[in-house]
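Below is one structure, written out as structure tokens, with a few remarks after it.
By convention here, the first residue in the shown sequence is residue 1.
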Amino acid sequence: MTTREHCLALDAQDSLAHLRADFALPEGVIYLDGNSLGARPAAAQERARQVLAEEWGDGLVRSWNTAGWRALPERLGNKLAQLIGAAEDEVVVTDTTSINLFKVLVAALRVQANRDPSRKVIVSEASNFPTDLYMAEGLADMLQQGYSLRLVQSPEELPAAIGADTAVVMITHVNYKTGYLHDMAALTALAHECGALAIWDLAHSAGAVPVDLKGANADYAIGCTYKYLNGGPGSPAFVWVAPHLRDLVWQPLTGWWGHARQFGMETSYEPAPGIGRYLCGTQPITSLALVECGLDVFAKTDMQALRCKSLALTDLFINLVQQRCAKHPLTLVTPLEHAHRGSHVSFEHPEGYALIQALIERGVIGDYREPRIMRFGFTPLYTSFADVWDAAEILGEILDSGIWQQERFRVRHKVT
Ligand SMILES: *Cc1c(COP(=O)(O)O)cnc(C)c1O
């Protein structure tokens, strides 16, 4: 049985432990929800002050040029590109993941319509994040051209679901519920063999697991910056398009920021060459600027080191919970196999919601996803091995005592 002393020894040897000081985490909290909202980088407070007081307050409209506001989507995109296996000038940070998904879905369908208009199926997983499915459903409804979604129930069903009728395979690299990590290179190759294009949602992979978009030969990718990238609540998302596909078609949200000559003030649209055409309109600069503070922490390490610690943390949590809570009805839904595990661990429990509320009261912050899923995110930048031990111990205490059965833990909040 692993002891707390052993975990403290692991922390003492951890070459990433010093990075915790780059985050402003409250005392007495074990934060296991960086997969939903990353912790605040310590540098973000001073950066926010600078943006508000100096850039907005003193610089006023001049700051679009003097503070580099207009160039932020591209500049941040270049920093982010290194974490996802993309190159310079291939990524922009902009809009939301839902909106960027809409852009790349339409673009992919347009590319396919030019090649083989008989392809009308978008393949995805039934357990994909709802907004991804809703955006695809809404798009099919909007186009009224016979597009439909084909949803598989498990990753194993994907190969049989992709075929000659498939236009696009739209998969979230790490499943938000189960934490299942797909083999991006293998699935992309399969899509291509069938003549389909592959869209990857990196919401739970960017900053969480090594991603190699170019190595995997991916076609399109989108993702969030407010999860593992620690960009701040609702911070803008990102979009990447393989260079050979980028300039073939227009993305559908043809706003002035994506124009070839934004301040030419022309009456008709001409898309910018390159990833700049995936911009639409004016960006929330105060939020966008803070994304950089999160990205700058990643520059102090690399994704291989983070992956190594992430797997050690999730292995430890799984083992401790399985030992400490063996007599309780907890079911692990996250794969044990490293090759298929992201950076969060999910357990099913019939009363998962109440359990998570009881954990939060004890300072262990995870979250809950319907149905029955308790999610625990492990962020190697700021989670320690002792945190993992304490979280498993507190979960055990809550289950043993039955305190979670108190009525107050059943009150449903708007955000779970
Ligand atoms: C978190 C998440 C989103 C969120 O989309 P928003 O537009 O930022 O609300 C989308 N897709 C996946 C897979 C996610 O995990």
Side-chain angles (χ1 to χ4, degrees), residues 1-2 6-7 9-11 13-17 19 32-36 83-85 125 127-128 154-159 171-190 200-213 215-216 218 221 223 227-229 298 301-326 330-348 366 369 373-389 391-392 395:
M1 186 106 183
T2 308
H6 176 64
C7 293
L10 291 175
D11 285 330
Q13 295 160 16
D14 174 14
S15 63
L16 300 177
L19 293 173
L32 303 181
D33 214 1
N35 52 310
S36 182
L83 301 176
I84 57 174
E125 286 191 285
S127 64
N128 198 347
S154 73
E156 295 72 35
E157 291 173 24
L158 275 169
I171 303 287
T172 297
H173 188 211
V174 176
N175 185 287
Y176 82 104
K177 261 190 211 178
T178 61
Y180 184 97
L181 168 66
H182 287 277
D183 184 338
M184 183 185 285
L187 267 176
T188 302
L190 187 76
W200 289 97
D201 188 330
L202 306 179
H204 290 273
S205 357
V209 298
V211 177
D212 187 4
L213 288 169
K227 294 174 178 167
Y228 290 95
L229 295 175
F298 282 89
T301 177
D302 65 80
M303 286 312 304
Q304 297 304 332
L306 289 169
R307 175 63 171 164
C308 206
K309 181 173 172 190
S310 158
L311 285 170
L313 292 170
T314 54
D315 273 341
L316 178 67
F317 187 68
I318 291 169
N319 289 332
L320 288 173
V321 170
Q322 288 185 332
Q323 287 166 19
R324 179 67 179 79
C325 310
L330 283 177
T331 312
L332 178 70
V333 287
T334 299
L336 278 175
E337 206 186 328
H338 285 178
H340 287 302
R341 192 193 306 161
S343 202
H344 71 267
V345 172
S346 300
F347 281 100
E348 257 186 23
R369 290 293 177 266
I373 291 195
M374 303 161 63
R375 268 194 331 180
F376 302 95
F378 295 88
T379 312
L381 291 172
Y382 53 76
T383 306
S384 69
F385 291 92
D387 284 342
V388 173
W389 198 92
L395 175 61

Discussion item. Could you work out, with ring-ring contact (aromatic ring centres under 6.0 Å, His included) as the rule, every residue matching Phe317, not counting sequence neighbours?
Written reply: Phe376, Phe378
Item to complete: Rounded to the nearest 0.5 Å, what's the gap from OG on Ser205 to CD1 on Ile84? Could you check?
Response: 9.5 Å
Item to complete: Measure across Glu125 and His182 and return the closest heavy-atom pair with its distance rounded to 0.1 Å.
Response: OE1-NE2, 2.9 Å
Practice prompt. Of all the heavy-atom pairs spanning Leu190 and Pro159, show the shortest one and how long it is.
Written response: CD2-CA, 3.5 Å
Worksheet item: What do the steps show when you test Phe298 against Met303 for side-chain contact (heavy atoms from CB on, under 4.5 Å), and what is the final call?
Response: CA-CA 8 Å; Phe298 282 89; Met303 286 312 304; 4.2 Å; yes
Item to complete: Rounded to the nearest 0.5 Å, what's the gap from CD1 on Ile171 to CG on Leu202? Could you check?
Response: 12.5 Å
Worksheet item: Quick one: are Val174 and Tyr180 in side-chain contact, heavy atoms under 4.5 Å?
Response: no
Fill in: CZ-NE2 distance between Arg341 and His338, expressed to the nearest 0.5 angstrom
4.5 Å
Worksheet, complete the sentence: For Ser36 and Arg375 the tightest heavy-atom approach is CB-NH2, 4.1 Å
Which donor-acceptor pairs under 3.5 Å do side chains of residues 330-337 form with protein atoms, sequence neighbours excluded?
unit_1	atom_1	unit_2	atom_2	d
Thr334	OG1	Thr178	O	2.8
Thr334	OG1	Ser346	N	2.7

Item to complete: Test side-chain contact (heavy atoms from CB on, under 4.5 Å) on Asn35 and Tyr176 and set out the steps.
Response: CA-CA 9 Å; Asn35 52 310; Tyr176 82 104; over 6 Å; no
Worksheet entry | Min side-chain heavy-atom separation Tyr228-Val209 under 4.5 Å | no
Worksheet entry | Leu381 vs Thr301 side-chain heavy atoms within contact, under 4.5 Å | yes
Practice prompt. Provide the closest heavy-atom pair for Asp33 versus Gly366 in the form atom of the first, atom of the second, distance.
Written response: OD2-O, 3.5 Å
Worksheet item: Under 3.5 Å, side chain of Asp14 to main-chain N/O of Asp11, donor-acceptor pair present?
Response: no
Discussion item. So which atom in Gln323 and which in Thr2 form the shortest heavy-atom distance, rounded to 0.1 Å?
Written reply: OE1-N, 4.3 Å
Worksheet item: How far does CH2 of Trp200 sit from CG of Leu187, to the nearest 0.5 angstrom?
Response: 4.5 Å
Fill in: Heavy-atom check, side chain of Lys309 versus side chain of Thr383, under 4.5 Å
no
Discussion item. Is there a side-chain contact between Tyr382 and Asp387 in this structure, where contact means two heavy atoms from C-beta onward sitting under 4.5 Å apart?
Written reply: no
Discussion item. Please check this pair: side chain of Arg324 against backbone of Leu395, looking for a donor-acceptor N/O pair closer than 3.5 Å.
Written reply: no
Fill in: Atom of Leu181, atom of His340 and distance for their closest heavy-atom approach
O-ND1, 2.7 Å
Worksheet item: Donor-acceptor pair, Ser310 side chain versus Leu306 backbone, under 3.5 Å?
Response: no
Discussion item. Treating His204 as the side-chain partner and Gly179 as the backbone partner, does any N or O pair qualify as donor plus acceptor under 3.5 Å?
Written reply: no
Item to complete: Ignoring hydrogens and angles, tell me if any N or O in the side chain of Thr172 forms a donor-acceptor pair with the backbone of Asn175 under 3.5 Å.
Response: no
Fill in: Expected output: side-chain Thr314 to main-chain Leu311 donor-acceptor under 3.5 Å
yes
Discussion item. Does any part of the side chain of Met374, heavy atoms only, come nearer than 4.5 Å to the side chain of Val321, both counted from C-beta?
Written reply: no
